[in-house]
S.K.: 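The following block contains the structure, expressed as structure tokens.
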Number of protein chains: 2
Amino acid sequence: MSHHSDRKAETHDRIVRQAAREFRGKGLQGIGIADLMSKAGLTHGGFYAHFGGKDALIEEAATCAAEESIEHLVAAAESAGRRSPVEAMLHYYLHPAHRDNPAEGCVLASLAQEIARQPDVVRKAFTRSLKAHGARLARYMPGDSGEEKLQQFMFLISGMAGALAIARAIAEPTLSNAWLASVRRQYARAFRLMAKKKVP
Amino acid sequence: MSHHSDRKAETHDRIVRQAAREFRGKGLQGIGIADLMSKAGLTHGGFYAHFGGKDALIEEAATCAAEESIEHLVAAAESAGRRSPVEAMLHYYLHPAHRDNPAEGCVLASLAQEIARQPDVVRKAFTRSLKAHGARLARYMPGDSGEEKLQQFMFLISGMAGALAIARAIAEPTLSNAWLASVRRQYARAFRLMAKKKVP
DNA sequence: GCCGTCGTATGATGGGCATCATATGACTTC
DNA sequence: GAAGTCATATGATGCCCATCATACGACGGC
């Protein structure tokens, strides 16, 4: 019994992890159950032994993808060196390498718009992740109060996610790179000003 | 002959306009040719007399949607009153009314992520629109040089689009509203600081 | 070492979608 | 007012996908 459960749980996890990759790379509607299962080394039939349907998988995959996304940002902030944590996050996030690898990148930049059109279960799961991880990342913001830090986090993540999504849609590499660099530069400037001139 | 052409052109336009709405509301993959045509008061068969395929429609619809999006922003900036144009844009864009009406809202906030996964024709058309309209909106930014204004525009539109997409994905109305309000507040503050302290 | 249980595979079903060939019907032209 | 042309409609085809019923096969308990 114990071996059986372990095996199932491992497979379940492998499917979710793979789905978190594929969905970010190709969109929620861009990949089907059969392809997903085969990418996980299985066939399509066993899927419904693990999940009630595609929605249920999306729910789990979104949560998993959100966790991965946050880990990258935390890692960047923690290894900031002499840069500020915010600048380190900007450097990681608004980088061509991140733009060119959506499958392993931030879920907000690749799936937020599609998640907005999903059933409530999915959006609820997304909301939970966002709240949990937001609190964790707000700690690196320069604001005085917790409330201000949280607002600054929303401000920062919104712009980074938006800029990355737009940079991915732009067909000219030069302009796409310039977009990333410009937004990064303006955010760095804004946060420098905010840190200096504390709330009036 | 002339009447025929007029009729066809009008119908073509009606389809594109309707598509621009539906795509923003339901996603590029969220609505099919048949539904689209029936929403335009036609049946599915005649579609291929107007467009080479769905991609061709997406290309035209994206351009059309981008134009509509820009008009709203320009209108907001022009009727700013005693607010700054940037604050007026923030007020229009990061508003629950805009969040709750994606079909008539900004294309960046509803389709950028899906456009990023489209064939090159679509992304090229998107890029053209973005360049043209960006130049037009940059005029309202507070920067000293044209280059700085353009950077500030990228900074602003990225964050507004990202915030709106995230707010739409959040399942809790309270948090969603707070997200919009927070980002708006932080942008307003950032632009105030930027306008005061000109480039160092 | 046999049996039952549980995880996975095979195969089938039904629906939705893009696409296209052909029919219809109106408007223009002579 | 007849004939032809052009826009749209009807209907069909084939593909892909989510879902599910059933079959297989391995591993643990006895």
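Chain naming here is simple, since letters A, B, ... match the order of the sequence lines and numbering starts at 1 in each.
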S.K.: Would you say Ile15(B) and Gln18(B) make side-chain contact, with heavy atoms under 4.5 Å?
M.R.: no
S.K.: Does a side-chain N or O of Thr11(A) approach OP1 or OP2 of dT8(C) to a distance below 4.0 Å, or not?
M.R.: yes
S.K.: Rounded to the Å, how far apart are Leu42(A) CG and dC24(D) P?
M.R.: 20 Å
S.K.: With the side chain counted from C-beta on, respond yes when Arg168(A) and His98(A) share a heavy-atom pair under 4.5 Å apart, and no when they do not.
M.R.: yes
S.K.: Is any side-chain heavy atom of Val86(A) closer than 4.5 Å to one of Met141(A)?
M.R.: yes
S.K.: Could you check if a side-chain atom of Leu130(B) sits within less than 4.5 angstrom of a side-chain atom of Ile166(A), using non-hydrogen atoms only?
M.R.: yes
S.K.: Once each nucleotide of nucleotides 14-21 of chain C is scored for protein heavy atoms under 4.0 Å, what B/S/- sequence comes out, 5' to 3'?
M.R.: ----SBB-
S.K.: How many whole angstroms separate atom CG of Asp13(A) from atom P of dG7(C)?
M.R.: 15 Å
S.K.: Dump the intermediate steps for ring pair (Phe, Tyr, Trp, His ring centres under 6.0 Å) on Tyr93(B) and His72(B), then the final yes or no.
M.R.: CA-CA 9 Å; Tyr93(B) 202 107; His72(B) 283 134; over 10 Å; no
S.K.: Do you see a donor-acceptor pair shorter than 3.5 Å between the side chains of Tyr187(B) and Glu87(B)?
M.R.: no
S.K.: Could you check how far NE2 of His50(B) sits from P of dA9(D), rounded to whole Å?
M.R.: 9 Å
S.K.: What is the separation between atom CE on Met37(B) and atom C1' on dT10(D), rounded to the nearest whole Å?
M.R.: 13 Å
S.K.: Would the distance check show the side chain of Ser158(B) and the main-chain N or O of Gly162(A) forming a donor-acceptor pair, the cut-off being under 3.5 Å?
M.R.: no
S.K.: For the helix from dG1(C)-dC30(D) to dC30(C)-dG1(D), figure out the bend between the end axes, five pairs an end, and round to 10 degrees.
M.R.: 0°
S.K.: Apply the test side chain to side chain contact (heavy atoms under 4.5 Å, CB included) to residues Thr63(A) and Phe126(A): give CA-CA distance (whole Å), side-chain angles for both, the deciding distance (0.1 Å), then the verdict.
M.R.: CA-CA 6 Å; Thr63(A) 303; Phe126(A) 168 84; over 6 Å; no
